[in-house]
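Remarks on the structure that follows.
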Amino acid sequence: KMTKVKCYELRKQSKSKADLSKQLEELRNELSSLRVTKVTGGAASKLSKIKVVRKNIARVLTVINETQKGALRQHYETMKYAPLDLRPKKTRAIRRRLTKFESEKQTNRASKFA
């Protein structure tokens, strides 16, 4: 079972969150059993699997988080305000800058003389 999990496969199967969390649970159980064999002095082949399992867990978590964040982005797309972590990062200076609308705005006096 210990082949490398591929992220594109996790995505393309359009697995539900339940499937992914089930797979995550299996991987975590496997990791704990591998750690037990490490302590009890297991075979070297089992020890080398620990790294693979850890990376697989990271991949599954990455896909779960990506899909979650994508769903959130879609949810907030139509709304006026989005949570800070979903807004574009850019730079602090750019974020503080006047918007296009604000910078094009004129005072009453300036519009009279324009």
Side-chain angles (χ1 to χ4, degrees):
K1 189 206 183 257
M2 252 339 350
T3 56
K4 202 163 114 180
V5 175
K6 302 249 189 317
C7 279
Y8 74 91
E9 286 171 358
L10 291 174
R11 284 190 203 98
K12 114 184 142 187
Q13 292 162 352
S14 64
K15 286 186 166 181
S16 66
K17 192 165 183 285
D19 293 342
L20 287 171
S21 22
K22 185 170 176 269
Q23 188 170 359
L24 184 64
E25 196 58 40
E26 288 170 7
L27 286 167
R28 283 186 170 150
N29 290 338
E30 190 167 356
L31 182 61
S32 63
S33 68
L34 286 172
R35 284 188 173 142
V36 168
T37 55
K38 177 185 175 184
V39 171
T40 56
S45 60
K46 292 234 177 183
L47 295 182
S48 60
K49 279 184 182 177
I50 290 177
K51 182 181 178 184
V52 177
V53 176
R54 285 179 61 234
K55 303 294 178 190
N56 286 345
I57 289 172
R59 284 189 195 96
V60 173
L61 281 171
T62 300
V63 171
I64 288 173
N65 291 332
E66 276 178 353
T67 49
Q68 226 168 13
K69 199 143 191 177
L72 276 174
R73 277 188 203 283
Q74 218 167 14
H75 173 72
Y76 282 104
E77 214 169 30
T78 55
M79 300 184 186
K80 184 171 182 182
Y81 298 110
L84 294 178
D85 62 332
L86 295 180
R87 294 179 194 172
K89 181 85 168 95
K90 299 186 176 169
T91 62
R92 191 165 188 265
I94 290 173
R95 291 196 305 267
R96 302 282 182 284
R97 204 163 52 190
L98 291 176
T99 62
K100 193 175 188 314
F101 174 76
E102 289 167 338
S103 58
E104 287 173 354
K105 219 166 179 182
Q106 278 189 326
T107 62
N108 289 340
R109 183 181 171 90
S111 57
K112 282 179 190 166
F113 294 109

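Because only heavy atoms are used, hydrogens play no part in the values below, and waters and symmetry mates are left out as well, while side chains stay in. This structure is a prediction, so every number in the text was calculated from the model and none was measured.
- Taking CG from L27 and CG from L34, the interatomic distance works out to 10.5 Å, rounded to the nearest 0.5 Å.
- Applying the side-chain contact (heavy atoms from CB on, under 4.5 Å) criterion to R54, with sequence neighbours excluded, gives L31, R35, I50.
- For the pair L10 and Q23, the minimum side-chain heavy-atom distance is below 4.5 Å.
- Residues that satisfy the side-chain hydrogen bond (donor to acceptor under 3.5 Å, both in side chains) test with Q68, not counting sequence neighbours, are absent from this structure.
- Listed by chain and number, the residues in a side-chain contact (heavy atoms from CB on, under 4.5 Å) with S48 amount to none (sequence neighbours excluded).
- Atom NZ of residue K89 and atom CD1 of residue I94 lie 11.0 Å apart, to the nearest 0.5 angstrom.
- Taking the salt bridge (charged side-chain N to carboxylate O under 4.0 Å, His left out) definition, one finds that E77 meets it with nothing, sequence neighbours left out.
- Taking NZ from K4 and NZ from K55, the interatomic distance works out to 10.0 Å, rounded to the nearest 0.5 Å.
- In this structure, T40 OG1 and K46 NZ are separated by 9.0 Å, a value rounded to the nearest 0.5 Å.
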**Request:** Output, in order, the C-alpha distance, side-chain angles, deciding distance and verdict of side chain to side chain contact (heavy atoms under 4.5 Å, CB included) for R109 and K112.
**Result:** CA-CA 5 Å; R109 183 181 171 90; K112 282 179 190 166; 5.7 Å; no
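- Not counting sequence neighbours, T78 has no partner by the side-chain contact (heavy atoms from CB on, under 4.5 Å) test.
- Nearest heavy-atom pair across I57 and L24 is CG2-CD1, 3.7 Å.
- A salt bridge does not link K49 to E30: none of the charged nitrogens lies less than 4.0 Å from a carboxylate oxygen.
- Residues satisfying the salt bridge (charged side-chain N to carboxylate O under 4.0 Å, His left out) test with K22, not counting sequence neighbours, are E26.
- A search for side-chain contact (heavy atoms from CB on, under 4.5 Å) contacts involving E25 returns N29, not counting sequence neighbours.
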Would you tabulate the side-chain donor-acceptor contacts of residues 80-88 under 3.5 Å, counting partners in other chains and residues two or more places apart, or write 'none'?
| unit_1 | atom_1 | unit_2 | atom_2 | d |
| --- | --- | --- | --- | --- |
| R87 | NE | A82 | O | 2.8 |
| R87 | NH2 | A82 | O | 3.0 |

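- With a 4.5 Å cut-off on side-chain heavy atoms, K17 and T67 do not count as touching.
- Applying the side-chain hydrogen bond (donor to acceptor under 3.5 Å, both in side chains) test to every pair with at least one member in residues 93-107, sequence neighbours left out, gives these pairs: T99-E102, K100-E104.
- Minimum heavy-atom separation, V5 to R59: O-CD, 3.0 Å.
- V53 and V36 fall into different hydrophobic clusters, where Ile, Leu, Val, Met, Phe, Trp and Tyr side chains are chained together by heavy-atom contacts under 4.5 Å.
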